[in-house]
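Shown next, in C-alpha cells, is the structure this report addresses.
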Amino acid sequence: MAVKKPVYNNESISMLKGADRVRLRPAVIFGSDGIEGCEHSVFEILSNSIDEAREGYGKEITVTRYEDLSVEVEDHGRGIPVDFNNREQRYNWELVFCEMYAGGKYNNASNGSYEYSLGLNGLGLCATQYASEYMDVDVRTGDTRYTLHFEKGENVGGLHQEPYKGKSGTKIRWKPDLSVFTDINIPLEYYLDIIKRQAIVNEGIRFVLRNQTGGKFETTEFLYQQGIVDHVRELAGEDAMTSVQFWQAERNVRDRDDKPEYKTKINVALAFSNRNHQIEYYHNSSWLEHGGAPDKAVRSAFVSQIDAYLKQTGKYNKNESKITFADVEDCLLLVISSFSNQTSYENQTKKAITNKGIQEAMTEMLRHQLEIYFIENPVEAERVGAQVLVNKRSREDAEKTRLNIKKKLTSNMDVTSRVAKFVDCRSRDVNEREIFIVEGDSALGACKQARDPDFQAIMPIRGKILNCLKADYDKIFKSEIITDLIKVLGCGVQVKSKANRDLSSFDMNLLRWNKVILCTDADFDGFQIRTLLLTMLYRLTPDLIDAGKVFIAESPLFEINTKNETYFAYTEQEKAEILKKLEGKKFTLQRSKGLGENEPDMMNLTTMNPKTRRLIKVMPTDAEQTAQMFDLLLGDNLSGRKDYIAEFGHLYLDEVDVS
C-alpha cells in the first residue's frame with residue numbers, strides 16, 4: 001500500500017505564540033537547550049538586579065541555590081514596575097513577564113532609566129519566566145508590596161498587592177523547567193564563577209551566594225572595593241614584573257558616520273608578569289567570553305605600541321621578525337570593563353560585542369596610554385620589552401622543534417623498518433592489537449616466543465629511559481628510546497608547556513593499539529624502569545592514561561612446583577595461602593626469574609595469555625595528586641622529596657634494596 005505523502009500548502013505555515021515561543025525553542029534565546037542555556041537564564045535575572053545596583057539603588061545582591069534546583073535572586077533596588085501602564089493600556093507585569101521585547105532599557109541613549117545596562121532587548125525576564133516550571137515574584141516599592149505566581153509560562157491568580165512599609169527591592173524565585181532544558185542541575189562552580197566576575201566589575205557592590213546543602217545554607221560573599229584593580233592585583237601576586245596600572249576614558253562615538261552618537265566608558269587594569277597571564281573582557285558588566293571589539297582593539301594596540309618601543313630602543317636583532325600578540329599575551333594580565341548606552345552584542349547570550357565605535361575608541365586610548373606609560377616608567381618598559389622578546393624567541397624555537405619532531409615522528413616509512421627490534425603483529429584491527437613494552441633483548445626473545453603473533457606486538461627498550469619530569473623537551477626528543485616508543489604508539493605527543501605548547505601533535509584516533517602494556521621484571525630495576533615509562537606516558541601522552549589504554553603486566557614473584565602442578569604467587573600473601581594449601585605435600589619454591597629467563601610456555605601462561613594473565617589498569621583517579629607525587633618522587637623538588645622520605649621512609653624499610 002502506497003504511503004500518502006504529506007501535503008505542503010498554505011495551511012502548512014504556523015506561528016508559535018505565548019510561552020511556546022521559548023518553551024519549544026529555548027536555544028534561540030538562551031543559546032542552548034542544555035545546561036549552558038539554563039545557566040544563561042539565571043544570568044538574565046541576575047543582570048536586572050545588577051543594573052539597579054549600578055544605578056545606585058541597593059548595594060547588595062543575594063543569590064540562593066536551593067537543593068530542589070530552584071534559584072532565587074534578591075536585590076534592594078527600586079522594585080520592578082508592575083502596576084498599570086497608561087501609555088500601553090496594560091499592566092506592566094504582563095509586559096515585563098509575559099511579552100517579548102518589553103522593557104525599560106530601550107532609551108538609555110536618550111536619558112532613559114539606566115545610563116548603562118546589561119539588559120537591552122526586553123527578552124531575558126520574560127523568556128526565563130516562560131522557561132520555568134514555576135516562578136514567584138515579590139516586588140516592594142517602599143509603600144506597596146506586589147506578588148505574582150506563574151506556572152509553566154502562565155500567570156496563576158493575577159497581581160496581588162498590599163500596603164508595605166520597608167525597604168524597596170525585588171525577589172524572584174523560580175525553578176527552570178526540565179521539560180524545556182535537557183539539564184537544570186547548574187553546578188555550584190558556575191554560580192561562584194559568574195558572581196565573582198560580577199563583583200569584580202561592579203566595585204563596591206556586595207554579592208552574597210547562599211548554597212543549600214542538607215537543609216542548611218553555606219554562604220560565600222564577594223566584594224571588590226576597587227573592582228578590576230583589586231582583581232589584577234590578585235592575579236599578579238607579589239612578584240609581578242610591573243606595577244598595576246589603571247586607565248580610564250570616556251568618549252562619544254559612532255559605529256558609522258550616519259549612525260547616531262552614543263557614549264562609552266572604558267576602564268582598564270593591567271600588569272605584566274613572567275609567571276602567569278590572563279585577559280578578561282567585560283561590557284556593561286557582562287563577561288565577553290569571545291571578546292569581539294575589545295579583543296580586536298587590544299591585539300592592535302599592544303602589538304603596534306610594543307613593536308614601536310622595541311624598534312625605537314633597538315631591541316630587535318638584525319633582520320628579526322616582528323612580535324605577534326601571542327608574545328605579548330604570554331606575559332599580560334589585563335582586565336577591561338567597558339560600558340556604553342548603545343551596544344551591539346553578537347546575540348542574546350552576550351558573549352561578544354561588535355561595536356566599531358567602541359573598538360576604535362579603545363584602540364586609540366590603549367595606544368596613547370601605553371606610549372605615556374613607557375615614557376614615564378622606563379624601567380618597567382625595559383622589563384616588558386625584554387620579556388616579550390623572550391616569549392617571541394621561545395615561540396620561534398618551539399616552532400622549529402615542533403617541525404623537527406613532526407618530521408621525525410611522522411615519516412611515511414613503515415614503522416617496522418624505522419624502529420630497531422620492534423616486532424609487529426599481523427592484525428590491523430586497532431580494537432584487538434596489544435603492544436608489550438619490555439626491558440631488553442632477553443625479554444624480547446622470551447616474549448616473542450610466548451606471544452600470540454596475530455594481535456600481540458613487542459617493543460624492547462634498551463636500558464633505563466630518561467626521567468621525563470626532569471628533562472626538557474629538547475633533551476626528551478633527542479632520546480632515541482623515547483622517539484621510537486612514540487613512533488610505535490602512533491598517536492603523537494601532548495605538550496603542556498607555555499613555551500612549547502605548539503609541539504603538541506596528539507591525536508587519539510591515530511593510536512595503533514587497544515592496550516599499551518608495560519612488562520618489566522618484578523625486581524627493583526624493573527620497578528624503576530616501569531616508573532620511568534609511566535612518567536614518560538604521563539608527561540607526553542596523559543590522555544592514554546585517561547582513556548584507560550595503559551596497563552601493567554603483573555609478573556609472579558614466586559613459582560611453586562609440586563609433582564603434578566605449578567602454582568604462581570604474585571604477592572607474599574598469595575604465597576602463604578598456596579603453601580598452606582600444600583601443607584604435607586612435597587614442593588619446591590623459587591623466586592621467579594627475570595622475563596628473559598622464563599620458558600615461553602610459562603611466559604605465555606603468566607604474562608601474555610588474556611585468559612590467564614593479570615593486568616593492572618593504570619587509572620587517572622586523581623590527576624592532580626598523581627602529578628604531585630610524580631613531581632615529588634621524580635621531579636626537581638629535592639626538599640619535598642627529603643621531607644617525604646623523612647616522614648614516610650620507615651614504611652618502606654623492608655623493601656629497601658641495599659645490595
E364 bridged to R251 by N-O distance under 4.0 Å: yes

Donor-acceptor pair between D255 and Y262 side chains, under 3.5 angstrom: yes

Short side-chain donor-acceptor distance under 3.5 Å, D230 and Q225: no

Ring geometry between F30 and F181 (parallel below 30°, tilted from 30 to 60°, perpendicular above 60°): tilted

Q198 (side chain) donor-acceptor with S285 (main chain) under 3.5 angstrom: yes

Check ion pair K259-D257 (N to O, under 4.0 angstrom): no

Polar side chain donor-acceptor pair, T141 to D143, under 3.5 angstrom: yes

Any donor-acceptor N or O pair under 3.5 Å, side chains E380, S243: yes

Check: N155 side chain, F150 main-chain N or O, donor-acceptor pair, under 3.5 Å: no

Contacts of Y146 that satisfy side-chain hydrogen bond (donor to acceptor under 3.5 Å, both in side chains) - sequence neighbours left out: D83

Note: K196-E234 ion pair, threshold 4.0 Å (strictly below): yes

Residue pair E36 / H40, side-chain donor-acceptor N/O under 3.5 Å: no

Under 3.5 Å donor-acceptor, S47 side chain and E44 backbone: yes

side-chain hydrogen bond (donor to acceptor under 3.5 Å, both in side chains) partners of residues 169-194, not counting sequence neighbours, each pair once: R23-D177, R23-S179, S70-R173, K152-D177, D177-S179, D193-R197

Under 3.5 Å side-chain donor-acceptor pair for H76 and S168: no

Side-chain donor/acceptor of S300 to backbone N/O of K296, under 3.5 Å: no

Side-chain donor/acceptor of S286 to backbone N/O of H283, under 3.5 Å: no

Sequence-distant partners of H290, side-chain hydrogen bond (donor to acceptor under 3.5 Å, both in side chains), two or more places apart: none

Side-chain (T541) to main-chain (L544) donor-acceptor, under 3.5 angstrom: no

Atom pair CZ/CG of F272 and L332 - distance to nearest 0.5 Å: 5.0 Å

Aromatic ring pairing F217/Y66, orientation class (parallel under 30°, perpendicular over 60°, tilted between): perpendicular

N-O pairing of E72 and R65 below 4.0 Å: no

Stepwise side chain to side chain donor-acceptor pair (under 3.5 Å) check, N48 with E52: CA-CA 7 Å; N48 289 329; E52 277 292 288; over 6 Å; no

Between H160 and E162: side-chain donor-acceptor atoms closer than 3.5 Å: no

Exam field: side chain Q305 to backbone F302, donor-acceptor pair closer than 3.5 Å: no

Side-chain donor or acceptor of S273 paired with backbone N/O of C331 under 3.5 Å: no

Nearest-0.5 Å distance that lies between atom CG in L270 and atom CZ in F246: 11.0 Å

Under 3.5 Å side-chain donor-acceptor pair for E280 and Q278: yes

Pair E74 + R140: basic N to acidic O under 4.0 Å: yes

Short N-O contact, R54 and D51, less than 4.0 angstrom: yes

Heavy-atom closest pair, residues F339 and T264: O-OG1, 2.8 Å

W93 CH2 to N85 CG distance, which is reported to the nearest 0.5 Å: 13.5 Å

Lys/Arg N to Asp/Glu carboxylate O, E218 vs R210, below 4.0 Å: no

